[in-house]
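Starting from 1, each residue takes its place in the sequence as its number.
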Amino acid sequence: TEKETDPINSIQERTTTFTDAIHFLFGSPLLADGPAWKHYELGDRRHYLVPCPECQTRQALEFRGQVWAIDRATNELALLGKPGDFRLCWDQQARLDERTWDFEAVAKSAHYSCICCGAKIRDTDKREMNLAGGWVPTCRAQVAGYRSRRINSLYPLWGATTFGQIATKFLSSHHTA
């Protein structure tokens, strides 16, 4: 039977004669064994760390869970926080009942909570944070020189990416009948 080749491998094979070839692979990894995630794991798994406007701790922005950050005590890259902790937060008084939220109140109160000092980081802080940020590798690449990067929708300054919009989208998809 005929078998289709992997398009990523085909691109890489076709550019081997170019000494300055650079490959950019984009994707939204949904599965741990999917091609986007496999290629991410081959690299040095860089995260974009931005400084907290209050304490200056450089940290990756994550919706929930542990966060890559520069530990202020050791000045070393470390995973901080607890796996279940929400970093994107909103006023819990916006909850009307078990499955209903006041989305306007959620959107107005949504903020990012610094992993180190707990400061409320607002959308208005993102521009300066992004400008002062940088890519930091979190491990040694499995393939020498292979850089892989991961970034989510908490960073952008445009479109439907305000903390309030992300929080209301999350709540409307997870907490409605």
Side-chain angles (χ1 to χ4, degrees), residues 26-32 34 36-37 40-41 43-139 147-177:
F26 297 91
S28 296
L30 301 175
L31 304 171
W37 193 254
Y40 173 72
E41 288 189 325
D44 58 8
R45 304 179 198 172
R46 292 172 185 243
H47 286 254
Y48 197 74
L49 302 189
V50 295
C52 168
E54 295 295 321
C55 71
Q56 300 305 307
T57 296
R58 292 170 32 98
Q59 60 197 285
L61 301 181
E62 296 291 343
F63 187 86
R64 80 186 289 184
Q66 292 182 302
V67 174
W68 284 106
I70 303 296
D71 188 323
R72 290 185 353 186
T74 63
N75 205 29
E76 303 264 333
L77 183 67
L79 268 175
L80 302 180
K82 296 177 184 156
D85 288 352
F86 276 91
R87 305 279 16 118
L88 185 63
C89 305
W90 50 86
D91 184 355
Q92 293 300 303
Q93 292 182 8
R95 179 181 284 249
L96 302 174
D97 59 43
E98 184 64 28
R99 301 185 64 79
T100 311
W101 291 85
D102 176 347
F103 290 128
E104 189 174 327
V106 169
K108 285 181 181 176
S109 65
H111 62 277
Y112 190 85
S113 178
C114 172
I115 192 70
C116 187
C117 71
K120 290 183 178 182
I121 299 170
R122 304 286 181 185
D123 288 303
T124 54
D125 298 315
K126 288 199 288 189
R127 178 174 163 68
E128 291 301 317
M129 291 170 65
N130 283 339
L131 288 172
W135 291 102
V136 177
T138 61
C139 69
R147 294 184 182 134
S148 58
R149 292 172 169 86
R150 180 177 170 274
I151 199 162
N152 60 44
S153 62
L154 293 173
Y155 292 85
L157 308 173
W158 59 85
T161 59
T162 66
F163 294 147
Q165 289 166 316
I166 294 168
T168 56
K169 184 176 180 181
F170 169 78
L171 291 172
S172 66
S173 66
H174 287 82
H175 294 281
T176 55

Problem set entry | Residue pair C139 / G43: nearest heavy atoms and the distance that separates them | SG-O, 3.9 Å
For this session: Using the six-membered ring wherever Trp is involved, compare the ring planes of W101 and W90 and label them parallel, tilted or perpendicular (cut-offs 30° and 60°).
Result: perpendicular
For this session: Measure from the side-chain N and O atoms of R46 to the backbone N and O of S148, and report whether any donor-acceptor pair falls under 3.5 Å.
Result: no
For this session: State, yes or no, whether a side-chain contact exists between H47 and E62 at a heavy-atom distance under 4.5 Å.
Result: yes
Exercise. Y155 side chain to K126 main-chain N or O, any donor-acceptor pair under 3.5 Å?
Worked result: no
Exercise. Taking all atoms of both residues into account, what is the closest heavy-atom pair of V106 and A94, and its distance?
Worked result: CG2-CB, 3.7 Å
Exercise. Tell me, do N75 and I70 make a side-chain contact under 4.5 Å, heavy atoms counted?
Worked result: yes
Exercise. Is the side chain of Y48 donor-acceptor paired with the backbone N or O of L61 at a distance under 3.5 Å, no angle test?
Worked result: no
For this session: Kindly indicate, with the supporting measurements, whether the criterion side-chain contact (heavy atoms from CB on, under 4.5 Å) is fulfilled by C117 and C52.
Result: CA-CA 9 Å; C117 71; C52 168; 3.9 Å; yes
Problem set entry | E104, CD atom: more than 12 neighbouring heavy atoms under 6.0 Å | no
Exercise. Taking the side chain from T138 and the backbone from R45, do they hold a donor-acceptor pair closer than 3.5 Å?
Worked result: yes
For this session: Decide if atom CZ of R147 counts as having more than 12 heavy atoms of other residues, nucleotides or ligands within a radius under 6.0 Å.
Result: no
Seminar exercise, completed: Rounded to the nearest 0.5 angstrom, the NE2-CZ distance for H111 and R87 is 9.0 Å
Seminar exercise, completed: When rounded to the nearest 0.5 Å, the distance separating OG1 of T124 from CD1 of I121 is 10.5 Å
Exercise. Would you call L80 and Q59 a side-chain contact if the rule is heavy atoms closer than 4.5 Å?
Worked result: no
For this session: Please name the pair of heavy atoms, one in A69 and one in T57, separated by the smallest distance, quoted to 0.1 Å.
Result: CB-CG2, 4.4 Å
Exercise. Take atom CD in Q92; do more than 12 heavy atoms of anything else shown fall under 6.0 Å from it?
Worked result: yes
Seminar exercise, completed: Closest non-hydrogen atoms of A78 and D71, given as atom of the first, atom of the second and distance, are CB-CB, 4.3 Å
Problem set entry | Gap between atom CG of L49 and atom CE of M129 - 0.5 Å precision | 10.5 Å
Exercise. With distance as the sole test, does T161 use its side chain to make a donor-acceptor pair with the main-chain N or O of P156 at under 3.5 Å?
Worked result: yes
Problem set entry | Heavy-atom check, side chain of Y112 versus side chain of L154, under 4.5 Å | yes
For this session: Identify the heavy atoms of G84 and R64 that sit nearest to each other, and give their distance.
Result: O-NH2, 3.5 Å
For this session: Find the distance between CD1 (I115) and CG (L79) and round it off to the nearest 0.5 Å.
Result: 9.5 Å
For this session: Enter the distance from T162:OG1 to L157:CG here, rounded to the nearest 0.5 Å.
Result: 11.5 Å
Exercise. What is the distance from atom CG of D125 to atom CZ of F163, rounded to the nearest 0.5 Å?
Worked result: 8.0 Å
Problem set entry | Heavy-atom side-chain proximity of W135 to I151 below 4.5 angstrom | yes
Exercise. Between F170 and F63, how do the two ring planes meet: parallel, tilted or perpendicular, split at 30° and 60°?
Worked result: tilted
Exercise. Is there side-chain contact between E54 and C114, with heavy atoms separated by less than 4.5 Å?
Worked result: no
